[in-house]
Protein chains: 2
Amino acid sequence: MNTEDPLKLSRCASCLIRHRGICNALSDEELQQFKQIAYHRTYRPGEIILSSEENTDFFAAVHSGVVKLSKILMDGRQQVVGLLLPPDFLGRAFSKSNPYFAEAASEVELCCFPHAKFERMLEDFSSLKQRLLEQTLNELDSARDWMVWLGRKTAEERVASLFLMLAERWTEAERGQETGAQNRVIELHLKRDEMADFLGLTYETVCRQISSLKRKGVIQLSGTRRFSVPNVSALTKIAG
Amino acid sequence: MNTEDPLKLSRCASCLIRHRGICNALSDEELQQFKQIAYHRTYRPGEIILSSEENTDFFAAVHSGVVKLSKILMDGRQQVVGLLLPPDFLGRAFSKSNPYFAEAASEVELCCFPHAKFERMLEDFSSLKQRLLEQTLNELDSARDWMVWLGRKTAEERVASLFLMLAERWTEAERGQETGAQNRVIELHLKRDEMADFLGLTYETVCRQISSLKRKGVIQLSGTRRFSVPNVSALTKIAG
DNA sequence: CGATCTGTTGACGGCAGTCAAGTCAAGTGG
DNA sequence: CCACTTGACTTGACTGCCGTCAACAGATCG
């Protein structure tokens, strides 16, 4: 185990999320240690990553794709409580049990770390803990924004808010490109019923609201899971 | 400033939340340093502690009372996104601006720390940062539970969930007492319209659901802001 | 006592949920 | 190649929960 695997070493160095995720908090030296324990896993769309019953044995950074965090009531009602995009972090530190149900919403690649080893590194590298804290604070902020959607917004406002959020995340991720935000085609990743579980609605209502926004010329669909926003300001206004 | 204030020293030592709040993470020596910068503030019910526009110059631990965190849409719709009870922590670390509106829901006493000094102590005392991280993770968990309420539960279930949560927090805080949970009288702290903003409902709907639960014999009111739960299992069942 | 704030209850209407039918695209197998 | 199936999506008709509007009851206070 002391022989260095050149593939493993180069993988971190060329990692797409290297400069955005938690790894960014580490020095080169610390990173060396990090990659010794990291391993990758991939999931197909719809595949279950964690179920809330079983104990988790790993933490992970989302390397590519979208992970859906949800909670399910006994009668089957479901609420999505988080969407993880690269370079978000998956797993509940300092607790073996994970209260959520995690599912791959698209093709997903995770960079995983064994539970115990990762917690030890948290102790050793304070900048890593700092990074995790900041990420958790940001997740808390967006969870609370989301609560406003769920508690106080109408169906139309919620659907508009979702489209707006996806559009913003997209331009954020790809800023510096030449084409304007108007014509950019954005990937939805979610099915209608997943959007509904996200927004606290039924999928029929989501459908109707999307059709209505389309009729108003605020959004434009290409196929069923791609869209663009010809009128950003109108969308913003409707989103509230 | 080098003379020690005996009052200040004893205040931390006898502090009610000393062994539950973030201070618990500190050694006696570190606590010495801590109390040098801490000061208390009190607020009357309804008083505004932080408005989301202005920059925050302090962090604080809730020493007594209940603090309401909320967000407000431009048209006046409001959603409560957090309830802070002792020994919860108030303030957004690593960001000068605070995206929430904080209001005293009852008589409130805060133990405050200047912004810059507290962040410095976070750097120096890793156990403090650890404590803050754990608290943030717990807040994230409960925010997400709350999202399930808002997105997927009916009015009756939400009201029942709120009563259940308050009952559970109460027994948690006062465990070891002799009287059974059945007859314990629990303080609501919130007005009907505050409960409504909390639950994503109107205050009339909250009223109706409370009356209905009362008629069913699941809860019992003494006056308008105190209640007890004669039938805990029925309440749990209704809450979902 | 009147004024004001908080809470309760009723009548009514609308937004979103439920139930149901139907379209469209992709896949399967003869 | 075509009949059939399946899953995702769309749209319509109807229902019901909860929001809106309104009247009223209690409590508190000057």
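Since the model is a prediction, treat every value here as computed from it, not as a measurement. We name chains A, B, ... by the order of the sequence lines, and we start the count at 1 in each one. Heavy atoms only: backbone and side chains are in, while hydrogens, waters and symmetry mates are out.
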**Request:** Answer yes or no: are there more than 12 heavy-atom neighbours, outside Arg226(B) itself, under 6.0 Å from its atom CZ?
**Result:** no

**Request:** Scan side-chain atoms only and decide if Asn231(B) and Ser233(B) contain a donor-acceptor pair under the 3.5 Å cut-off.
**Result:** yes

**Carboxylate-amine/guanidinium contact Asp197(A) Arg77(A), below 4.0 Å** = no

**Asked** Which letter, B, S or -, goes with each nucleotide of nucleotides 7-24 of chain C from 5' to 3', with contact meaning a protein heavy atom under 4.0 Å?
**Response** SBBBB----SSBB-----

**Prompt:** In terms of side-chain heavy atoms, does Thr136(B) have a donor or acceptor partner in Glu139(B) at a distance below 3.5 Å?
**Reply:** no

**Non-neighbouring partners of Phe198(A) that pass ring pair (Phe, Tyr, Trp, His ring centres under 6.0 Å), sequence neighbours left out** = Trp146(A)

**Item:** Neighbours of DNA chain D within residues 72-79 of chain B, by heavy-atom distance under 4.0 Å
**Value:** none

**Item:** Pairs satisfying side chain to side chain donor-acceptor pair (under 3.5 Å), at least one member in residues 209-218 of chain A, at least two apart
**Value:** Glu156(A)-Lys216(A)

**Message:** Quick test of your reading of the model: are Arg41(B) and Glu109(B) salt-bridged, counting only N-O distances below 4.0 Å?
**Reply:** no

Can you give me every donor-acceptor pair (side chain of residues 200-208 of chain A, partner residue at least two apart or in another chain, under 3.5 Å) with its distance?
from	atom 1	to	atom 2	distance (Å)
Thr202(A)	OG1	Thr205(A)	N	3.4
Thr202(A)	OG1	Thr205(A)	OG1	3.0

**Bounds of contact between DNA chain D and chain A, in 5' to 3' order, using a heavy-atom cut-off under 4.0 Å** = dA8(D) to dA13(D)

**Request:** Could you tell me whether Glu107(B) and Arg44(B) have a side-chain N and a carboxylate O separated by less than 4.0 Å?
**Result:** yes

**Prompt:** Are Phe113(B) and Phe58(B) an aromatic pair by the rule of ring centers under 6.0 Å?
**Reply:** no

